[in-house]
Amino acid sequence: MKTGILKDLEKAFNISPDEMKRVIRDFHLEMEKGLSGKKSSLKMLPAYIDRPTGGEKGSFIALDLGGTNFRVLEIRLHGNGRIMMPAVMKFALRKQDITKDAGALFGFLASSVKTFLRKTAHGACRDVNLGFTFSFPIDQKGIASGSLVTWTKGFEAAGVIGHDVVSLLKCALAKEGLAHIHVTALANDTVGTLMARSYGDRSCDVGVIIGTGTNACYPEKMSKVKKWKGAAAPESEMIINIEWGNFNKLKKTLYDRQLDASTDNPGKQILEKMVSGMYLGEVARRVIADLGRRQLIFPGQAFRKIKAAGTVRSEDVSAIEGDGSASLSATGAVLRRCGVKSSSRAERALVKNVCAIVSRRAARISAAAMAAVITKMDQKLQRKHTIAVDGSVYEKHPGFSRNIEKALKEVLGSKAGKIKLVLSKDGSGKGAAIIAAVASK
Ligand code: BGC
């Protein structure tokens with residue numbers, strides 16, 4: 001019986017090599033449309049910056065907003081690809097900070113910067129340049145200006161969509177008496193991650209985030225950015241923020257459809273809802289709750305709690321998959337926290353398999369998207385490529401990176417050997433400083 005259930009789930013969540021190839025083809029089509037300014041699920045947003053030379057120098061403040069915490073960092077660039085991070089502070093974002101309005105959100109950011117300057121005594125009064133990593137889709141008008149296209153990842157502060165986020169930040173900083181902090185660069189976290197790694201590694205040409213949200217960027221030839229209206233040498237390059245979380249040509253299960261319908265942005269961020277940490281736990285929970293509803297697991301138990309959205313987090317999925325104990329006790333503990341009072345070992349094993357099926361799909365979709373980006377730049381894979389990756393799911397989920405590498409081999413064969421994935425921690429903050437350095441040149 002259990003095997004039958006698993007087989008059905010495996011089939012529903014499977015992304016075969018052929019399916020991956022289909023995804024790659026559709027990804028290329030969507031990328032082309034996005035670059036031409038046509039309607040596409042991939043926004044392909046120009047970042048107004050190319051990769052760094054590695055020689056950029058200076059001392060900067062970087063702000064990193066986009067996940068569960070807001071971070072303020074001091075970054076020193078020494079040239080020769082060397083980066084130091086003498087001070088970092090994390091500020092937890094409360095629900096009201098991210099869901100009220102622009103005044104509350106940017107006021108919180110500015111007061112956190114003030115706290116950082118007071119506590120670290122770095123550049124408290126002197127003029128300093130600041131790079132702002134804002135990890136949402138932004139329609140940039142220049143290196144230090146851009147308006148929010150849409151919120152993602154549960155952020156919904158009013159009065160930000162369509163507004164220049166740099167102006168909002170400058171205003172809030174001025175209100176805190178911090179007008180000597182100059183916001184000279186605005187970047188998406190993927191762009192920061194690419195910049196940070198390529199500062200010391202010329203083969204790095206893709207920046208990826210697989211964390212609370214997911215996305216990627218890469219450098220594109222200006223001749224191919226058909227929607228670009230400004231002046232540019234056709235052979236010059238600019239980094240493009242793909243916003244791949246919104247890619248929508250993917251095979252959906254019933255659980256994906258139900259999850260999507262329950263969000264505040266139905267029909268949007270479809271890939272993100274199958275891949276990123278904000279949703280992985282919820283996909284797994286929906287499968288487990290459905291098995292329970294059909295009395296295929298935990299018969300006779302009400303387990304009301306697990307029927308409520310949000311009870312299973314992506315960290316739980318990681319803990320369950322990493323549970324190597326003979327009795328699967330860590331899995332039992334997560335289930336108890338989710339209201340399942342007792343479970344048999346066979347049931348816990350089934351839950352562990354469900355988590356593996358859900359996260360394996362996430363890794364394979366990520367691999368297909370990565371392969372699409374690389375082959376867009378280098379169709380026959382003639383060069384070496386380093387993909388800089390950051391984000392909690394990639395870093396912490398057991399076996400996630402291995403599953404991506406395995407899938408890349410399945411779809412690209414031996415040529416996958418040309419691709420190297422590297423974890424680039426704190427890339428988004430460091431990268432914002434590099435962009436600020438390029439901008440202040
Ligand atoms: C946002 C992207 C961001 C990604 C990773 C997505 O929800 O739309 O801009 O890069 O999350 O943080």
Side-chain angles (χ1 to χ4, degrees), residues 6-34 40-42 44 190 205-210 213-218 242-257 260 269-276 279-280 283-284 321 353-389 391 393-394 397 399-421:
L6 269 184
K7 272 208 178 120
D8 290 348
L9 287 172
E10 263 159 15
K11 194 164 164 228
F13 281 85
N14 184 33
I15 309 274
S16 67
D18 279 346
E19 175 64 6
M20 286 177 67
K21 286 182 188 150
R22 199 270 306 151
V23 168
I24 294 172
R25 281 194 301 275
D26 283 344
F27 213 93
H28 285 162
L29 292 174
E30 292 291 284
M31 287 175 102
E32 290 296 344
K33 282 200 252 167
S40 165
S41 65
L42 297 177
M44 308 298 284
T190 57
D205 52 8
V206 187
V208 171
I209 303 285
I210 311 175
T214 185
N215 186 17
C217 71
Y218 74 107
I242 302 173
E243 285 295 330
W244 81 15
N246 196 48
F247 181 70
N248 63 7
K249 309 276 178 277
L250 293 165
K251 179 181 99 176
K252 294 192 210 88
T253 66
L254 174 70
Y255 308 109
D256 300 309
R257 286 203 195 89
D260 180 39
Q269 300 297 103
I270 297 299
L271 181 147
E272 182 158 279
K273 288 171 186 165
M274 296 182 180
V275 167
S276 82
Y279 304 97
L280 272 188
V283 179
E321 271 191 76
N353 275 313
V354 167
C355 291
I357 287 172
V358 170
S359 75
R360 184 167 174 267
R361 179 182 70 164
R364 292 177 74 81
I365 292 174
S366 309
M370 287 177 186
V373 177
I374 298 274
T375 52
K376 170 82 174 64
M377 288 184 283
D378 177 11
Q379 199 194 354
K380 297 200 169 127
L381 274 163
Q382 287 163 328
R383 304 191 298 275
K384 284 192 175 160
H385 301 268
T386 299
I387 307 184
V389 198
V393 174
Y394 181 81
H397 191 84
F400 201 86
S401 56
R402 230 185 7 258
N403 276 335
I404 294 183
E405 281 161 13
K406 198 166 157 272
L408 282 173
K409 277 198 196 104
E410 282 176 40
V411 78
L412 299 172
S414 61
K415 296 222 159 149
K418 295 257 167 136
I419 303 174
K420 187 168 89 186
L421 274 79

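Reckoned from all heavy atoms, side chains included, excluding hydrogens, waters and symmetry mates. All values derive from a computational prediction rather than experimental measurement.
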- Query: Looking only at heavy atoms, what is the nearest atom pair of Trp244 and Leu271, with distance?
  - Reply: O-CB, 3.5 Å
Please tabulate, for the side chains in residues 354-362, all donor-acceptor contacts under 3.5 angstrom to protein atoms that are two or more places apart in sequence or on a different chain.
residue, atom, partner, partner atom, Å
Ser359, OG, Glu321, OE1, 3.3
Ser359, OG, Glu321, OE2, 2.7
Ser359, OG, Cys355, O, 3.4
Ser359, OG, His397, NE2, 3.3
Arg361, NH1, Asp256, OD2, 2.7
Arg361, NH2, Asp256, OD1, 2.8

- Item | Phe400 vs Ile210, side chain to side chain contact (heavy atoms under 4.5 Å, CB included): CA-CA, chis, key distance, verdict | CA-CA 10 Å; Phe400 201 86; Ile210 311 175; 4.0 Å; yes
- Item | SB check Glu405 Arg402 (cutoff 4.0 Å) | no
- Query: So Ile419 and Leu381, side chain to side chain contact (heavy atoms under 4.5 Å, CB included) or not? Walk me through it.
  - Reply: CA-CA 9 Å; Ile419 303 174; Leu381 274 163; 4.2 Å; yes
- Query: Looking only at heavy atoms, what is the nearest atom pair of Ser41 and Asn246, with distance?
  - Reply: O-ND2, 3.1 Å
- Scanning both residues in full, the closest heavy-atom pair of Ala363 with Ile404 reads O-CG1, 3.6 Å
- Task: Look up atom CD in Gln269 and atom OG1 in Thr214, then write down how far apart they are to the nearest 0.5 Å.
- Result: 9.5 Å
- Between atom CD of Glu272 and atom CG of Asn215, what is the distance when rounded to the nearest 0.5 Å? 8.0 Å
- Task: Kindly determine whether Glu30 and Met44 satisfy side chain to side chain contact (heavy atoms under 4.5 Å, CB included), including the steps that lead there.
- Result: CA-CA 9 Å; Glu30 292 291 284; Met44 308 298 284; over 6 Å; no
- Task: Please check if atom NZ in Lys409 has more than 12 non-hydrogen atoms from other residues, nucleotides or ligands closer than 6.0 Å.
- Result: no
- For the residue pair Met31 and Tyr218, what are the closest heavy atoms and their distance? CE-CE2, 3.7 Å
- Between the side chain of Lys251 and the main-chain N/O of Asn14, is any donor-acceptor distance below 3.5 Å? yes
- Query: Where do Leu412 and Ala371 come nearest, in terms of heavy atoms and distance?
  - Reply: CD1-CB, 4.1 Å
- Considering only heavy atoms from C-beta outward, does the side chain of Phe247 approach that of Ile242 to under 4.5 Å? no
- Heavy-atom side-chain contact between Met274 and Val283 under 4.5 Å: no
- Nearest heavy-atom contact between Arg257 and Lys252 is NH2-O, 3.6 Å
- Task: First locate atom OG of Ser40, then atom CG of Asn248, and finally report the distance between them rounded to the nearest 0.5 Å.
- Result: 8.0 Å
- Validation row: Met370, Leu421 side chains within 4.5 angstrom (heavy atoms): yes
- Can you tell me how far the OG1 atom of Thr375 sits from the CZ atom of Phe27, to the nearest 0.5 Å? 10.0 Å
- Message: Any carboxylate oxygen within less than 4.0 angstrom of a Lys/Arg side-chain nitrogen, looking at Arg22 and Glu19?
- Response: yes
- Spacing of Ile374 atom CD1 and Asp205 atom CG [to the nearest 0.5 Å]: 5.5 Å
- Task: Starting from the C-alpha separation in whole Å, work towards a yes-or-no answer on side chain to side chain contact (heavy atoms under 4.5 Å, CB included) for Met377 and Val206.
- Result: CA-CA 10 Å; Met377 288 184 283; Val206 187; 3.7 Å; yes
- Single hit among Lys418, His385, Lys415 for side chain to side chain donor-acceptor pair (under 3.5 Å) with Asp378: His385
- Note on the structure: CG of Asp260 to CD1 of Ile270, rounded to nearest 0.5 Å, is 4.0 Å
